There are 2 protein chains.
Amino acid sequence: MPQAGIETRVAGLPLDGRAAAPESHFDRQLARLLKHAAHIFCEKGYEGASMRDLSRASGMSLAGLYHYFESKEELLYLIQKHAFQTIMDQARERLAGSADPEERVRIFIENHLEYFLANKEAMSVLTHEDETLRNGRRGEIRAIKREYYRICFDLLEDLRRARGLEFSGRLAVLSLFGMINWIYTWHNPRVDAGAKQLAEQMGDIFLGGLMNQGNHKRNKRVKA
Amino acid sequence: MPQAGIETRVAGLPLDGRAAAPESHFDRQLARLLKHAAHIFCEKGYEGASMRDLSRASGMSLAGLYHYFESKEELLYLIQKHAFQTIMDQARERLAGSADPEERVRIFIENHLEYFLANKEAMSVLTHEDETLRNGRRGEIRAIKREYYRICFDLLEDLRRARGLEFSGRLAVLSLFGMINWIYTWHNPRVDAGAKQLAEQMGDIFLGGLMNQGNHKRNKRVKA
DNA sequence: ATACTTACCGAACGAACGTTCGCTAAACTC
DNA sequence: GAGTTTAGCGAACGTTCGTTCGGTAAGTAT
């Protein structure tokens with residue numbers, strides 16, 4: 001009997017380019033398959049991609065793939081979970097280095113864009129296939145998403161309190177996520193700036209907007 | 001022989017809720033099918049949706065559907081083309097009513113959000129299935145997209161000139177589109193504000209950010 | 001040397017897919 | 001009222017899909 005149960009082995013941290021090198025043959029192979037799968041899902045979409053595509057791209061037989069995971073859906077789940085977990089851990093780590101509310105928001109933005117552009121395929125799959133998983137696996141990913149959202153929300157609330165601003169936290173978070181997630185539809189490394197510069201410019205737009213509440217004309221200011 | 005050639009009849013403007021009432025039986029039925037199809041594509045994604053789903057939802061036989069369009073892909077094309085064409089025509093019409101650069105940007109944002117929320121399913125399909133069409137049909141939709149993008153870009157350039165601002169037009173357009181397109185992933189009419197209020201708040205964030213260039217600390221201002 | 005586990009593979013299964021064929025009946029045209 | 005077009009259907013075609021079955025051959029443990 002093969003391994004790869006419901007938990008697909010406690011999953012040492014595979015893939016990710018610069019992550020801690022996976023130790024066993026199993027982990028190394030799984031990481032390789034996940035990378036190919038992320039590429040294919042990114043290109044053709046989850047539903048449009050086939051296990052035969054993955055077989056062809058990875059050079060492993062169709063049946064052999066199932067030694068490493070139990071279904072196509074678990075494949076998507078593993079890609080999304082790893083990407084989300086990693087970007088969040090990295091955000092927490094970097095945020096620990098600053099106490100200034102504005103700077104912390106900028107750190108969050110920069111971390112998001114940096115990880116996104118360095119892991120474009122996995123992050124595109126995470127972003128685009130947001131409604132694809134079902135039941136338990138969907139729930140697990142949504143829980144991580146809420147956690148990540150919460151981190152950002154709290155950062156903005158801190159800023160709001162520190163500067164005595166008035167804005168809807170929910171709308172601010174979702175506007176910000178819109179700006180920074182949308183890059184997967186347009187970013188071209190040959191013409192667009194890198195993560196650091198994009199983070200600064202988007203940070204300027206977003207934070208400038210939030211903090212510039214003594215606006216211009218119009219604005220029958222709606223209260224909260 | 002049925003009709004419905006490559007152009008699927010010159011297509012009087014069907015569907016859209018409040019659009020001019022379609023005249024013929026053919027147009028009325030096609031509009032009804034497009035509405036059901038938009039709903040299904042929105043829920044299950046283009047690849048995940050089947051013609052049998054549409055048959056079930058519309059009450060028409062599987063074979064009967066092909067009297068109204070030639071393929072599943074054309075179905076997607078018709079949904080996207082109509083939505084894009086309509087939102088753009090409506091934007092042009094509303095923009096004709098103002099000459100003030102800032103107000104014109106706000107009109108663009110409000111029009112986009114209003115049409116989006118009033119035609120959520122078609123607009124979600126337009127936004128989410130951006131890479132799905134192939135060849136000629138893909139090219140046609142991309143051409144409309146470039147046109148729409150161009151309108152927004154020019155609005156921002158006008159504002160930039162009028163106020164003597166410095167920012168990357170491309171990044172500004174794409175950040176704005178990120179903010180306003182992202183709503184399809186989160187907007188819930190039971191908890192979130194309507195289009196007018198969202199447009200005002202997003203307009204405040206975005207325009208406040210662009211026009212607040214004499215920022216705060218940091219910013220080793222990168223030049224243009 | 002033997003037993004067990006790991007790491008695969010070729011072939012197939014049943015279901016679902018988009019599309020087409022051949023047909024009917026009603027609705028207009030002249 | 002004969003002829004043509006429009007609107008639609010049941011049944012099937014050929015393909016592709018995710019997954020599984022039954023096997024092999026190389027490690028690893030004892």
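When reading the values below, keep in mind they use all heavy atoms of this one structure, side chains included, and skip hydrogens, waters and symmetry mates. Nothing here was measured: the structure is a model prediction, and the numbers come from that model. Below, chains carry the letters A, B, ... as their sequence lines are ordered, and counting in each starts from 1.
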Taking CG from A/Leu65 and C1' from C/dG10, how many angstroms apart are they, rounded to a whole number?
14 Å
Expressed in angstrom and rounded to an integer, what is the separation of A/Leu30 atom CG from C/dA7 atom C1'?
14 Å
Would you call A/Glu70-A/Arg137 a salt bridge at under 4.0 Å N-O?
yes
Do the ring planes of B/Tyr184 and B/Trp182 sit parallel (below 30°), tilted (30 to 60°) or perpendicular (above 60°)?
perpendicular
In plain terms, say whether B/Glu200 and B/Arg106 are close enough for a salt bridge, that is, a side-chain N and a carboxylate O under 4.0 Å apart.
no
Spacing of B/His67 atom NE2 relative to C/dT20 atom P, expressed in whole Å:
15 Å
What is the separation between atom CE on B/Met60 and atom P on D/dT6, rounded to the nearest whole Å?
16 Å
A/Gln29 side chain near C/dC8 phosphate (N/O to OP1/OP2, under 4.0 Å)
yes
For B/Arg28 and D/dT6, what is the distance between atoms CZ and P respectively, to the nearest whole Å?
16 Å
Between A/Gln90 and A/Tyr115, does any side-chain donor sit less than 3.5 Å from a side-chain acceptor?
no
So, for A/Gly48 and A/Asp53, which heavy atoms are closest and what is the spacing to 0.1 Å?
O-OD2, 4.3 Å
Assign the ring pair A/His128 / B/His128 to parallel, tilted or perpendicular, where the plane angle (0 to 90°) is split at 30° and 60°.
parallel
Could you give the CZ-to-P distance, from A/Phe26 to C/dA7, as a whole number of Å?
7 Å
B/S/- along nucleotides 23-30 of chain C (protein heavy atoms under 4.0 Å) is --------
Atom pair CE/CZ of B/Met179 and A/Phe177 - distance to nearest 0.5 Å:
14.0 Å
What distance do A/Leu75 atom CG and A/Leu54 atom CG have between them, rounded to the nearest 0.5 Å?
6.0 Å
In this structure, how many angstroms lie between the P atom of D/dA7 and the CZ atom of B/Arg32, rounded?
13 Å
Under 4.0 Å protein heavy-atom contacts per nucleotide of nucleotides 11-18 of chain C, with B for base, S for backbone only and - for none
-B----BB
Is it true that B/Arg160 and B/Glu157 have a side-chain N and a carboxylate O under 4.0 angstrom from each other?
yes
